[in-house]
Amino acid sequence: MNGLENELESLQNEGLERTIRTCSNVPGKPGYTLRKDRLLLNLSSNDYLGLAQHPKIIESMRDVLLLEGAGAGASRLITGNRGPYDRLEESLAAWQNCEAALVFANGYMANSGVIRALAGRGDVVFSDRLNHASIVDGIVMSRAEHARYRHNDMEHLRHLLNKYRDRPRKLIVTDAVFSMDGDQAHLREIAALKREYGAMLMVDEAHSGGVYGVHGEGLCHELGLHDEVDVHMGTFSKSFGVYGAYVTGSRTLIRWLVNKARPLIYSTALPPAIVAGIGIALELVQAGHERRQYLLSASKLFRSSLGNAGFQVAEGNSPIVPVIVGDNHTALRFSEMLETDGIAASAIRPPTVPDGTARIRFSLTEAHTEQELIDAIAKICRVGHQLGVLET
Ligand SMILES: *Cc1c(COP(=O)(O)O)cnc(C)c1O
């Protein structure tokens, strides 16, 4: 087929082919997954607060499913907007202490739709080089200038802001916690630059919503910066354990998005049962301070243990703990050997991460006990020695 087979072959030879494998839920054991009938400790899940199996969420979804049916039947601007949406958006605005909120079908659609709505030809979007692919795609679709700055390099960002200072509309966009590295954006410096240059600021809290802040509001709240952020975005598919995404901000922003965000306008509304489940998840996230504290202390233990063992571990305090291996084949082999040892941990390779930085990306959840993590660390070190990733 026009050379696709050959290209797939070379992807495979370079250790870069991706495949989809089947995993099953293990009822009552949220920290685990089943693959080929084998029980694996799941160190590759984004269900940070262990809510995906929460009985209250499931119950509310079932109740609304019976009342409202399987699908919404139309986009929200037509007849797809049901009661659970309005209630959820009110609660989201109150939670984020801002004027208004808008629910999207998922984070990918929120990011790509919002950026495209806020910037167009002649404008410029300043974006960290390690931002999520959905942000990159939004910028490309917007046709705005893509001013990519080196990861967390504030001097480079300032240089670019200066270079494009006369553009009509300027948008700075960043992940709060970077998804493949687990480190944080320098939000205080970014907010100061945004003010200095009169730009808008959009922050993606996909991996920090639910994890930081007294009520899980995210990193911007934890740092006292939420008033500086014009567009606050997060997903319901990670800490919330469900599916979907939110954008919060001013009434003007939300009114603009209702008119301009194409994924909202031209796509069917999320099923009402999902929206109801998110509503309960939001209550659990807000009340989940102990879950957060445990998650962050377990992450600290896990990160420092692997670092002390000699692995190259990215800095940070998030539940995302990547071990950089470098070579693609070694990363794949590492992941396979961990699976043999009862651990699910994915190898992340280019183009998701820069060339030469293939890694095992561990992500922890509140459902993992300290003993499970200590056992996992011992296994990870053993495999690291066997593969020569750790010196003996
Ligand atoms: C996962 C993720 C998204 C996409 O969210 P989905 O709801 O899964 O589509 C967006 N941004 C970042 C930083 C993410 O990690």
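When a ligand or atom number is given, it counts from 1 through the structure's own listing order.
Among the atoms of D175, none of the N or O lies under 3.5 angstrom from an N or O of ligand 1. Residue-to-ligand polar distances keep T235 apart from ligand 1: every N/O pair is separated by 3.5 Å or more.
Proximity of the aromatic rings of Y246 and F104 is defined here by a centroid distance below 6.0 angstrom, and this criterion is not met.
Of all the heavy atoms of I135, none lies under 4.0 Å from any atom of ligand 1, so neither backbone nor side chain is involved.
Among protein heavy atoms, atom 1 (C) of ligand 1 sits closest to K238 NZ, 1.5 Å. S237 OG, 3.4 Å is the protein heavy atom nearest to atom 8 (O) of ligand 1. Atom 11 (N) of ligand 1 has as its closest protein heavy atom D204 OD2, 2.6 Å.
Taking a cut-off of under 4.0 Å to the non-hydrogen atoms of A206, the atoms of ligand 1 that pass are 2 (C), 11 (N), 12 (C), 13 (C), 14 (C), 15 (O). Every atom of ligand 1 with a heavy atom of S179 under 4.0 Å away is listed here by number and element: 15 (O). Close contacts between ligand 1 and N111 involve ligand atoms 10 (C), 11 (N) [criterion: under 4.0 Å to a heavy atom]. In summary, the atoms of ligand 1 found under 4.0 Å from a heavy atom of G107, numbered by their order in the structure, are 4 (C), 5 (O), 6 (P), 7 (O), 9 (O). Here is the list of ligand 1 atoms found below 4.0 Å of a heavy atom in H207: 14 (C), 15 (O).
I320 CD1 to K238 NZ: the interatomic distance, rounded to the nearest 0.5 Å, is 8.0 Å.
Distance alone, capped at 3.5 Å, places no donor-acceptor pair between the E89 side chain and the P84 backbone. Judged purely by atom type and a 3.5 angstrom limit, T357 has no side-chain atom pairing as donor or acceptor with the backbone of V353.
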Which donor-acceptor pairs under 3.5 Å do side chains of residues 117-129 form with protein atoms, sequence neighbours excluded?
{"from": "D123", "atom 1": "OD1", "to": "R169", "atom 2": "N", "distance (Å)": "3.3"}
{"from": "D123", "atom 1": "OD2", "to": "G120", "atom 2": "N", "distance (Å)": "2.9"}
{"from": "S127", "atom 1": "OG", "to": "N131", "atom 2": "ND2", "distance (Å)": "2.9"}
{"from": "D128", "atom 1": "OD1", "to": "L130", "atom 2": "N", "distance (Å)": "2.8"}
{"from": "D128", "atom 1": "OD1", "to": "H151", "atom 2": "ND1", "distance (Å)": "2.9"}
{"from": "D128", "atom 1": "OD2", "to": "H151", "atom 2": "ND1", "distance (Å)": "3.3"}
{"from": "D128", "atom 1": "OD2", "to": "N152", "atom 2": "N", "distance (Å)": "2.8"}

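In this structure, M109 has no heavy atom closer than 4.0 Å to ligand 1. Contact analysis leaves A245 out of contact with ligand 1, as no non-hydrogen atom separation drops below 4.0 angstrom.
Here the closest heavy-atom approach between residue G198 and residue K170 is recorded as O-CE, 4.2 Å. Between A72 and L270 the shortest heavy-atom distance is CB-O, 3.8 Å.
Ion pairing between R195 and E228 holds under the 4.0 Å rule for side-chain N and carboxylate O.
Listed by first and then second residue, the side chain to side chain donor-acceptor pair (under 3.5 Å) pairs that reach into residues 254-275 come to none, sequence neighbours excluded.
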